[in-house]
Amino acid sequence: MTVRRGSPYRLDVVAVRGDITHVVALDDRETELLAPDSVERRAVDAVLTCLARHGLTKTTLEDVAREAGCGRATLYRYFESKQDLVEVALWSEVDRFSRTLRAAVREVANLEDAIVTTILVSARELTSHAGLRYVLDFEPEVILPHLAFEAADLLLGAAASILAPGLAPYLPADRADRAAEWVARVLLAYLFRPDSSSLTDESDVRALVHELVLPGVAPSSLLSATRG
Amino acid sequence: MSGPDTAREHVLAATYACVTRSGLARTTVEDAVRESGVSRATVYRLFPGGKGQLLREAVGWEMNRFFGRLADHVAGAAGLPAVLEQGLVFAHRAVREHRVLQQVLATEPGRLLPLLTVEQHRVQRLVAAYLRPVLDREAEQGRLRPGLDRRAAADYLSRMALSLMGAPGRWDLEDPQQVRRVVREELLGGILAPGVR
């Protein structure tokens with residue numbers, strides 16, 4: 001069990017057996033999690049490049065060092081292991097994603113658009129992530145244990161805490177968390193599946209949200225609420 | 001025993017029995033041949049993809065049996081809300097109490113989950129196909145939102161119900177009040193006509 005609280009990365013992240021259970025951004029900072037040009041930043045970029053090229057199993061710290069243009073000894077000063085580096089890369093990507101999402105939902109003015117935007121941005125980021133695609137397509141045994149059954153419970157909780165702030169202006173606090181989990185479920189249930197909407201087409205997503213998702217998460221009395 | 005379908009069923013049942021005893025990695029085609037009593041030639045002809053195909057179809061076979069039990073359980077349910085409520089309660093408990101599933105998940109999740117994921121796409125379509133006539137009957141009684149796309153609704157309900165069965169998240173599916181709430185609000189909020197219970 002790994003718990004990092006008040007970490008230098010300023011994300012309160014609790015990881016149990018390598019699964020992220022809860023992610024809370026400690027501030028509304030616009031800047032990146034890792035300082036640009038830092039060794040950590042270059043190492044994270046390098047491991048993401050390697051993942052997209054060769055996947056997780058075949059990527060070694062030598063590959064990462066070569067890609068990052070630094071020595072292996074340097075890497076080991078910052079990361080205990082490949083596993084450690086991959087976890088930091090994951091948190092860095094989660095952080096980048098939540099900042100992207102936050103910027104996008106800032107532009108909307110009602111709950112329906114907030115949900116549509118949340119789904120479109122999430123789907124776009126996830127389906128275009130080359131490292132994630134490689135692992136899902138060619139190393140499912142590595143990632144699926146983190147996406148199913150009890151691990152999915154943890155993932156949904158973490159995803160809900162990332163999505164909830166975007167919905168919070170339009171719903172009472174408890175309903176925002178509940179709605180965020182439901183939207184995370186929709187993403188998990190539709191993304192990366194054959195004969196399913198990829199959730200990247202705006203008109204498909206608008207129809208799904210308007211007809212089926214929104215009426216489920218907001219009783220009609222809340223539907224006309226706009227940003228307060 | 002006669003006919004290829006019966007032989008197929010027999011081999012899959014035998015494979016499942018082998019997996020129950022020895023797990024996925026250690027179950028071989030030869031084990032299935034021995035356990036089933038079907039000729040080696042027939043087994044290799046029925047499953048040209050070898051061990052990979054055999055294991056995937058054995059997982060699919062057991063999933064079909066699981067969803068068959070689920071369908072039997074909700075057969076008496078009156079109306080869409082009851083089908084979903086009773087289905088979720090039963091399925092959630094059945095997943096948790098499925099000894100072989102829980103055993104293989106604990107010991108060989110990396111081997112099982114790719115197989116389960118592939119088979120789950122097929123099962124999702126079966127669940128949607130099951131729900132479609134239930135939706136149609138509700139429509140005949142004027143209980144659905146006018147203009148509802150029933151194909152999209154069946155697709156949505158099957159995906160979201162399967163999601164809840166495997167990973168209930170914040171929902172305590174042993175609490176009838178919470179089951180009722182997630183069914184009537186999240187699942188059916190856009191499907192039932194306003195005012196329909």
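So that the names make sense, note that chain A is the first sequence line, chain B the second, and so on, each numbered from 1.
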Interface check, chain A: of B/E108, B/R125, B/M165, most non-hydrogen pairs under 4.5 Å belong to B/R125

Using a 4.5 Å heavy-atom cutoff, which residues in residues 67-87 of chain B come close to chain A?
none

Bottom line for B/L101: the part with an atom under 4.5 Å from chain A's heavy atoms is side chain

Portion of B/L105 that has a non-hydrogen atom of chain A nearer than 4.5 angstrom
side chain

Sidechain-backbone polar pair: A/E211 side chain, B/D149 backbone, donor-acceptor under 3.5 Å
no

Bottom line for B/L116: the part with an atom under 4.5 Å from chain A's heavy atoms is side chain

Cationic N near anionic O, under 4.0 Å, A/R178 to B/E186
yes

Compare every heavy atom of B/A167 with every heavy atom of A/A152, then report the nearest pair and how far apart it is.
CB-CB, 3.6 Å

Give the minimum heavy-atom separation between B/R170 and A/D177, together with the two atoms involved.
NH1-C, 3.7 Å

Checking B/T117 against chain A: side chain, backbone, both or neither under 4.5 Å from a heavy atom?
side chain

Side chain, backbone, both or neither of B/P194 within contact of chain A (heavy atoms, under 4.5 Å):
neither

For a quick check under 3.5 Å, do A/R193 and B/Q120 share a side-chain donor-acceptor pair by atom type?
yes

